[in-house]
Amino acid sequence: MLDLKFVRSNPEKIEEALKKRGGKVSLDSFLKVEAERRRLLAQVETMKAERNAVSQEIGKMKKAGEDAEAKVLEMRELGERIKAIDNNVKELENTLEKELLSIPNIPNESVPVGLTEEDNVEVRRWGEPPKFDFEPKPHWEIGEKLGILDFERGSKVTGARFTFYKGLGARLERALVNFFLDLHTGEHGYTEFFPPFMVHRNSMVGTGQLPKFEEEAFKVEKTDYFLIPTAEVPITNLYREEILDAAEIPLYHCAYSACFRAEAGAAGRDTRGLIRQHQFNKVELVKFTTPESSYDELEKLTNDAEDVLKKLGLAYRVVTLSTGDLGFSSAKTYDLEVWLPSFNTYREISSCSNFEDYQARRANIRFRRGPKGKPEFVHTLNGSGVAVGRTVAAILENYQQPDGSVIVPKVLQKYMGVDVIR
RNA sequence: GGAGAGAUGGCCGAGUAGGUCGAAGGCGCUCGCCUGCUAAGCGAGUAUACGGGCAAAACCUGUAUCGCGGGUUCGAAUCCCGCUCUCUCCGCCA
């Protein structure tokens, strides 16, 4: 959410930013409503001031045994008018809040301007895509053949885009979760959390999934709970409505969670394999920082995620998302894309973003620089560290052998207990 | 799921026959004084949001906030209704 005062005084900046994102939005009506709100607010607050003063007088008069009936009647009538205007103001505020919650974040200056992912800018590459002297297979074929992935039974038991992992497949998934968490807690300084997998509506609003993208989320019937689409939601909302000490931040948190996504509008895309599931596992990195350090922290966070792929020996590249491809709440995002032989291209496996104070304002997460400091909004960041299912896909495809077996990357061998899946 | 108790400022904690309570007191914290050092002591200050004044900061001023929402009333931390959460006991359960 953007600062109302900022919107009020810089509407052209916001309109420009929205345009860069590919929307065309005018703030004219918003500003008109906002001006009306302030007009009415000033009016009703003056009336309340009078009521407070006179009510106090009435109290004194009654105590003194005087007749205050005339003033009581007067105030009764004033009260009616106050109530009417109050309702009016509340209505306008609801309208404004709804609008405000639907305005995306303003992209950072350094974000390349463009309307699609074609306009994303590659920042760097690491590693060499493997060369095969045989026709490499897609991971779903490798997995099925090895008997470690069962897509058909996933569909039978639950539905499309759900999968069973079996044997060393299940173990590989678990090994990756442990490896990711051990790496981030052991070498990168993150504190591990295990969050709830459901959150209430306000938390979803806090990180920006709601109100605009409700059709993307799974709602739990008979409750106000949603299945989390990422651990970003519970972890970022950890400190909602809190004021942190400056000495406490930056906070580095990481968490494993299952992630649930309706993938509305993705029909027909990536229908095979592990790339796009309704349920997948992910280890998420979340940071709470000061405003002045958040962009340095974004670089570090991205490096932390990259370290996972380096240690696994998977070729990847880093791209800066263009304004048009940027997520709703993000000011700047780097995507890590891992090489997938069957796609003959790089595919997203991690997304690392700086939200600046956009989520912090929605979730009301602040910090204080000192005993006399005014509360300020923190900056929040997060990134996948990394998506587990897609990593399984990448390992199966990049480490496949002519005989259909798959070599286990060195760092995973102690978790797997074997060095080859066959 | 049943019964009961509770929710007040950074923390603890007073405050119900409704009025001068944004809220006593204590702790903590900040600044100053005092004191060989430390500790102790003394004094002052110490919530947030949204408006208005101001180019802006400082500052001044108004409104709102005693879990959340609504109601009664000239006036609500105090009365009424609904909800949420916490604690205790019982039941159930991995």
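Order of the sequence lines sets the chain letters (A, B, ...), proteins ahead of strands, with each chain counted from 1.
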Student: In whole angstroms, how far is the P atom of U46(B) from the CD1 atom of Ile243(A)?
Tutor: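 After rounding, the reported distance stands at 17 Å.
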Student: Where does the angle between the aromatic ring planes of His253(A) and Phe193(A) fall among parallel (under 30°), tilted (30 to 60°) and perpendicular (over 60°)?
Tutor: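 Answer is tilted, since the angle falls between 30° and 60°.
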Student: NA contact type, Arg39(A), heavy-atom cut-off 4.0 Å: base, sugar-phosphate, or nothing?
Tutor: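 No contact.
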Student: So Phe194(A) and Tyr256(A), would you call those rings parallel, tilted or perpendicular, with 30° and 60° as cut-offs?
Tutor: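 It falls in the tilted class, 30° to 60°.
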Student: Nearest to the side chain of Lys63(A), which nucleotide is it out of U20(B), G62(B), C74(B)?
Tutor: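 Among U20(B), G62(B), C74(B), the one nearest the side chain of Lys63(A) is U20(B).
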Student: Take atom C1' in G15(B) and the same atom in A7(B), then report the distance between them in whole Å.
Tutor: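 It works out to 15 Å between them.
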Student: Take the protein atom NZ of Lys62(A) and the nucleotide atom C1' of A17(B), then report the distance between them rounded to whole Å.
Tutor: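 In whole Å, A17(B) C1' lies 15 Å from Lys62(A) NZ.
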Student: Measuring from atom CZ of Phe6(A) to atom NZ of Lys13(A), what distance do you get when rounded to the nearest 0.5 angstrom?
Tutor: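 Between Phe6(A) CZ and Lys13(A) NZ, I get 5.0 Å after rounding to 0.5 Å.
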Student: If each of Gly79(A) and Lys83(A) is mapped to the nucleotide of RNA chain B with the nearest heavy atom, which maps nearer the 5' terminus, i.e. the 5' end?
Tutor: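 Between the two, 5'-proximity favours Lys83(A).
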Student: Mind checking the P distance from U78(B) to G2(B)? Whole angstroms is fine.
Tutor: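 Straight-line distance between the two P atoms is 27 Å.
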Student: Please state how far atom CG in Asn52(A) lies from atom C1' in A23(B), giving the value in whole angstrom units.
Tutor: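 Taking CG of Asn52(A) and C1' of A23(B), I get 16 Å after rounding.
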Student: Mind checking the C1' distance from A56(B) to G19(B)? Whole angstroms is fine.
Tutor: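 About 40 Å, rounded to a whole number of Å.
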Student: Indicate whether the side chain of Glu356(A) and that of Asn105(A) have a donor and an acceptor atom separated by less than 3.5 Å.
Tutor: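 No pair is found: no donor N or O on one side chain lies under 3.5 Å from an acceptor on the other.
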Student: Please report the distance, rounded to the nearest Å, between CZ in Arg201(A) and C1' in C83(B).
Tutor: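 Taking atom C1' of C83(B) as the reference, CZ of Arg201(A) is at 16 Å.
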Student: CG of Leu96(A) versus C1' of A49(B): gap in Å, rounded?
Tutor: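 Rounded to the whole Å, the gap is 16 Å.
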Student: Between Leu73(A) and Pro375(A), which residue's closest nucleotide on RNA chain B lies nearer the 5′ terminus?
Tutor: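 Closer to the 5' end of RNA chain B: Pro375(A).
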Student: Rounded to the nearest angstrom, tell me the gap between atom CD in Glu74(A) and atom P in C74(B).
Tutor: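 Value for this atom pair: 13 Å.
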Student: Pick base, sugar-phosphate or nothing for Leu41(A), based on heavy-atom distances below 4.0 Å to the nucleic acid.
Tutor: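 If one applies the 4.0 Å heavy-atom cut-off, Leu41(A) turns out to touch the sugar-phosphate alone, with no base involved.
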Student: What is the distance, to the nearest angstrom, from the CD atom on Gln56(A) to the P atom on C21(B)?
Tutor: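 Answer to the nearest Å: 9 Å.
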Student: How long is the straight-line distance from NZ of Lys311(A) back to CD of Glu306(A), given to the nearest 0.5 Å?
Tutor: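 The distance works out to 12.0 Å.
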Student: Check this one for me: any side-chain N or O of Arg51(A) less than 4.0 Å away from OP1 or OP2 of C74(B)?
Tutor: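 Checking Arg51(A) against C74(B): no side-chain N or O falls below 4.0 Å of OP1 or OP2.
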Student: How does RNA chain B read in dot-bracket, base by base from 5' to 3', with Watson-Crick or G-U pairs under 3.5 Å and | used when the partner is on another strand?
Tutor: ((((((((.[[[..)...(.....]]]((((((.......))))))(((((((.....))))))).[[[[[..)....]]]]])))))))....
Student: Give Lys48(A) one of three labels, base, sugar-phosphate or nothing, depending on what nucleic acid heavy atoms sit under 4.0 Å from its own.
Tutor: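 It contacts sugar-phosphate atoms only.
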Student: I'd like the P distance from U84(B) over to G69(B), given in whole Å.
Tutor: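 15 Å, rounded to whole Å.
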Student: Could you tell me the separation between the CD atom of Glu50(A) and the C1' atom of U61(B), rounded to a whole number of Å?
Tutor: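 For the pair Glu50(A) CD and U61(B) C1', the rounded distance is 17 Å.
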Student: On the side chain of Lys374(A), is there an atom forming a donor-acceptor pair with the base of U48(B) - under 3.5 Å, no angle test?
Tutor: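 No.
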Student: Going by atom types alone, do Asn354(A) and Ser294(A) pair a side-chain donor with an acceptor below 3.5 Å?
Tutor: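 Looking only at side-chain atoms, Ser294(A) and Asn354(A) do form a donor-acceptor pair, the distance falling under 3.5 Å.
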Student: OP1 or OP2 of G62(B) versus the side-chain N and O atoms of Arg38(A): is any pair under 4.0 Å?
Tutor: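 Answer no for this pair, as no side-chain N or O of Arg38(A) is under 4.0 Å from OP1 or OP2.
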Student: Which value, in whole Å, describes the distance between the C1' atoms of nucleotides G75(B) and C21(B)?
Tutor: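 It comes out at 13 Å once rounded to the nearest Å.
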Student: Quote, to the nearest angstrom, the C1' distance that separates G10(B) from C29(B).
Tutor: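 One C1' to the other, the span is 9 Å.
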Student: What's Arg8(A) touching, base or sugar-phosphate or nothing? Going by heavy atoms closer than 4.0 Å.
Tutor: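 The residue Arg8(A) makes sugar-phosphate contact but no base contact.
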Student: Under 3.5 Å, is there a donor-acceptor pair between the Ser322(A) and Glu117(A) side chains?
Tutor: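 Side-chain D/A pair, Ser322(A) to Glu117(A): absent.
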Student: Mind checking the NZ-CG spacing from Lys48(A) to Leu78(A)? Nearest 0.5 Å is all I need.
Tutor: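 That separation rounds to 11.0 Å.
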Student: Nearest 0.5 angstrom please: Ile106(A) CD1 to Thr323(A) OG1, how far?
Tutor: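 With rounding to 0.5 Å, CD1 (Ile106(A)) is 13.0 Å from OG1 (Thr323(A)).
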Student: Once you measure the plane-to-plane angle for Tyr190(A) and His184(A), does it fall in the parallel (<30°), tilted (30-60°) or perpendicular (>60°) bin?
Tutor: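 Correct class here is perpendicular.
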Student: Could you tell me how far A24(B) sits from C11(B) if I compare only their P atoms? Round to whole Å.
Tutor: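 After rounding to an integer number of Å, I get 15 Å for this pair.
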Student: Will you find, in the side chains of Lys282(A) and Thr230(A), an N or O donor that is under 3.5 Å from an N or O acceptor?
Tutor: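 Looking only at side-chain atoms, Thr230(A) and Lys282(A) do form a donor-acceptor pair, the distance falling under 3.5 Å.
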Student: Can you tell me how far C1' in A77(B) sits from the matching atom in A64(B), rounded to whole Å?
Tutor: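 Each nucleotide's C1' atom is 14 Å from the other's.
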Student: Remember a base hit wins even if backbone is also touched, and classify Lys60(A) as base, sugar-phosphate or nothing at under 4.0 Å, heavy atoms.
Tutor: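 Nothing, no heavy atom under 4.0 Å.
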Student: What are the atom names and distances for every N/O pair under 3.5 Å that joins the protein to nucleotides 29-31 of chain B?
Tutor:
from, atom 1, to, atom 2, distance (Å)
U30(B), O2', Lys372(A), NZ, 3.4

Student: To the nearest 0.5 Å, tell me how far Tyr239(A) OH sits from Phe288(A) CZ.
Tutor: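 Here the interatomic distance stands at 6.0 Å.
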Student: With a 4.0 Å limit, can you tell me whether Arg368(A) has a side-chain N or O closer than that to the phosphate oxygens OP1/OP2 of U48(B)?
Tutor: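 Checking Arg368(A) against U48(B): at least one side-chain N or O falls below 4.0 Å of OP1 or OP2.
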